[in-house]
Amino acid sequence: MKDTNAASLPGSVDISDASVRRRSLIAACSAHAVHDGLTDLIYVLLPIWQTQFSISYALVGLLRGSYSGTMAAFQLLASRMARRWGRERMLVGGTALAGVAYLIAGQAGGLAVLMIALVLGGLGASTQHPLASSLVTDAHQAGGGVKEALSQYNFAGDIGKTLIPGLVGLSLVVMSWQTSVTLMGLLGLAAAGLLWWLIPVRDERALAKAKKVKTSIGLGSRSGLRALLMTGTLDSAVRMGFLTFLPFLLKSKGAGTAGIGLALSLLFVGGAFGKLLCGYLGARIGMMKTVWITESATSLLIVAAVFLPLPGVMLMLPLLGLALNGTSSVLYGVVPELAEPGKHEHAFALFYTGTIAGGAAAPVVFGWLGDTAGISFALISLAVILLLTLPLSWQVQKGLRAAG
């Protein structure tokens with residue numbers, strides 16, 4: 001039963017209370033795990049949908065892009081609507097909508113219904129990043145430990161990416177994709193109920209007081225922030241492009257449905273540890289050196305994945321995941337340092353929107369390239385484009401010096 005004394009009465013919750021911080025963090029981590037898991041489950045389903053509906057690689061990219069594109073486009077709107085309707089309602093409603101979208105997808109008999117379901121799923125997912133991350137920040141700002149809490153929140157997303165695609169990949173051995181997708185829809189609805197129970201209603205007066213706490217100092221750097229946004233957009237575009245077409249590369253090497261699910265799990269396990277390791281590495285040797293190491297390694301390993309046989313690809317996937325996902329945690333961590341005073345929320349919103357938009361566009365563009373020149377050529381092109389982040393990270397480093 002929901003605790004009405006702590007969660008329902010206006011003005012009854014102290015934002016610095018330890019139980020509120022704990023409940024907020026558990027709720028945000030749960031939302032991140034479920035939403036990221038449902039989002040990346042699409043990678044397992046794309047080869048099945050291509051066979052089921054006889055579609056081209058460009059349409060495969062469009063299916064993937066419809067979900068992530070809608071998610072990117074409505075994040076700023078979701079943040080504004082939360083101020084009007086309440087963060088709890090928007091986050092719970094968005095999670096429920098993502099579950100309903102998967103229920104519809106499980107009954108899809110044609111491409112049009114599937115596309116509608118994915119757009120609805122992206123609409124529901126648009127609430128998660130801005131609202132769950134601000135939930136963690138607001139709850140921990142007065143009591144301290146914001147960065148540590150956000151790192152746990154980010155790690156939870158990778159746990160969802162690892163577990164949900166992997167479990168569904170295994171379930172497809174014994175049940176139809178329609179049944180598996182329907183079960184994931186029910187998971188989304190169950191998660192919405194859990195969030196309704198967990199999320200404490202904010203004390204607006206205490207929240208306003210907490211927001212006055214300054215989390216960083218400095219003048220910021222517009223040029224550095226622009227370079228960071230471009231770096232993050234390219235990194236996200238390559239990551240999403242590679243993830244979209246990795247299942248098809250594995251399929252061409254002889255992997256089955258269960259093998260593809262296992263491969264994605266290996267990749268995401270490496271990615272989860274990559275976020276932790278690269279955050280530590282960035283603190284020790286700096287942002288630019290860390291980005292040069294991770295992006296160079298990612299580019300080389302993508303090319304290696306094209307030419308290696310299936311066993312070799314499976315063995316290197318955890319290392320590839322570490323480099324592929326690790327960069328994002330380093331880039332995310334410098335957003336507050338480059339943002340102008342009082343504009344941190346706006347800077348984070350721009351960064352999230354830009355990176356997700358880049359990730360949404362890449363599958364469509366490189367899907368067309370895959371249809372034209374082949375998947376191998378498209379993946380090698382991704383590896384080459386990723387190297388553009390190296391000079392951009394140098395510009396970011398200049399911005400950090402100026403901002404400091």
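We're numbering straight along the sequence, starting at 1.
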Residue pair Leu249, Val313: steps toward the side-chain contact (heavy atoms from CB on, under 4.5 Å) verdict: CA-CA 10 Å; Leu249 179 69; Val313 175; 5.6 Å; no

Could you go through Arg87 and Ile199, starting from their C-alpha distance and side-chain angles, then the distance that decides it, and tell me whether this counts as side-chain contact (heavy atoms from CB on, under 4.5 Å)? CA-CA 9 Å; Arg87 186 164 54 195; Ile199 300 175; over 6 Å; no

Go through Val291 and Asp235 one step at a time and tell me if the side-chain contact (heavy atoms from CB on, under 4.5 Å) criterion holds. CA-CA 10 Å; Val291 170; Asp235 177 71; over 6 Å; no

Decide side-chain contact (heavy atoms from CB on, under 4.5 Å) for Thr257 and Val173; before the verdict, give the C-alpha distance in whole Å, the side-chain angles of both, and the deciding distance to 0.1 Å. CA-CA 8 Å; Thr257 302; Val173 178; 5.9 Å; no

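Here the side chains of Ser252 and Ile375 are not in contact, with every heavy-atom distance at 4.5 Å or above. For the pair Thr95/His35, a side-chain contact is recorded, criterion being any heavy-atom separation below 4.5 Å from C-beta on. By the 4.5 Å heavy-atom criterion applied to side chains, Pro318 and Val269 are not counted as neighbours. You'll find the side chain of Phe351 reaches within 4.5 Å of the side chain of Leu331, heavy atoms only. Val238 places a side-chain heavy atom less than 4.5 Å from the side chain of Ile302. The side-chain heavy atoms of Ile164 and Leu187, taken from C-beta on, include a pair separated by under 4.5 Å. Two residues are said to be in side-chain contact when any heavy atoms from C-beta on lie closer than 4.5 Å; Ile42 and Leu63 fail this criterion. Proximity of Leu123 to Val119: side-chain heavy atoms (C-beta onward) are nowhere separated by under 4.5 Å.
The only option from Thr162, Leu317, Asp40 that meets the side-chain contact (heavy atoms from CB on, under 4.5 Å) definition with Leu267 turns out to be Leu317. None of Thr327, Thr290, Thr231 except one satisfies the side-chain hydrogen bond (donor to acceptor under 3.5 Å, both in side chains) rule with Glu295; the exception is Thr327.
Of all heavy-atom pairs between Thr298 and Leu320, the closest is O-CD1, 4.0 Å. Across all non-hydrogen atoms, the minimal contact from Asp158 to Gly271 is OD1-C, 3.9 Å. For Ala383 against Ser299, the heavy-atom pair with the smallest separation is O-OG, 2.7 Å. The two residues Gly121 and Ala101 come nearest to each other via the heavy atoms N-CB, 3.3 Å. Shown here for Gly166 and Ser265, the closest heavy-atom pair between the two residues is CA-OG, 3.1 Å. Of all the heavy atoms in Val396 and Gly224, the pair that sits closest is CG2-O, 4.0 Å.
When atom types are taken as modelled, the side chain of Arg23 and the backbone of Trp197 share a donor-acceptor pair closer than 3.5 angstrom. At distances below 3.5 Å, at least one donor-acceptor pair connects side-chain atoms of Tyr102 with backbone N or O atoms of Leu38. Side-chain atoms of Ser171 come within 3.5 Å of backbone atoms of Val168 as a donor-acceptor pair (strictly under, hydrogens ignored). When atom types are taken as modelled, the side chain of Ser24 and the backbone of Arg21 share no donor-acceptor pair closer than 3.5 angstrom. Without hydrogens or angle criteria, Thr389 side chain to Leu386 main chain gives a donor-acceptor distance under 3.5 Å. No donor-acceptor distance shorter than 3.5 angstrom exists from the side chain of Thr182 to the backbone of Leu103, with no hydrogens or angles considered.
Ile55 contributes atom CD1, which lies 7.5 Å from atom CG of Leu114 (distance to the nearest 0.5 angstrom). Between the CD atom of Gln178 and the CG atom of Leu183 there is a distance of 12.0 Å, given to the nearest 0.5 Å. Taken to the nearest 0.5 Å, the CH2 atom of Trp49 stands 15.5 Å off from the OG atom of Ser54. How far OG1 of Thr355 is from CG of Leu234: 11.5 Å, rounded to the nearest 0.5 Å. Separating the OH atom in Tyr43 from the CZ atom in Phe245 is a distance of 10.0 Å, to the nearest 0.5 Å. The line from CG of Leu388 to OG of Ser393 is 11.0 Å long, rounded to the nearest 0.5 Å.
Phe248 and Tyr57 have their aromatic ring centers within a separation under 6.0 angstrom.
Between His32 and His129, the angle of the ring planes goes over 60°, which puts this pair in the perpendicular group of the 30/60° scheme.
Within 6.0 Å of NZ in Lys253 there are more than 12 heavy atoms belonging to other residues, nucleotides or ligands. Residue Phe53 places its CZ atom among more than 12 non-hydrogen atoms of other residues, nucleotides or ligands, all under 6.0 Å distant. Counting non-hydrogen atoms of other residues, nucleotides and ligands closer than 6.0 Å to CH2 of Trp394 gives a total of 12 or fewer. The environment of CE in Met230 is sparse: at most 12 heavy-atom neighbours from other residues, nucleotides or ligands sit within 6.0 Å.
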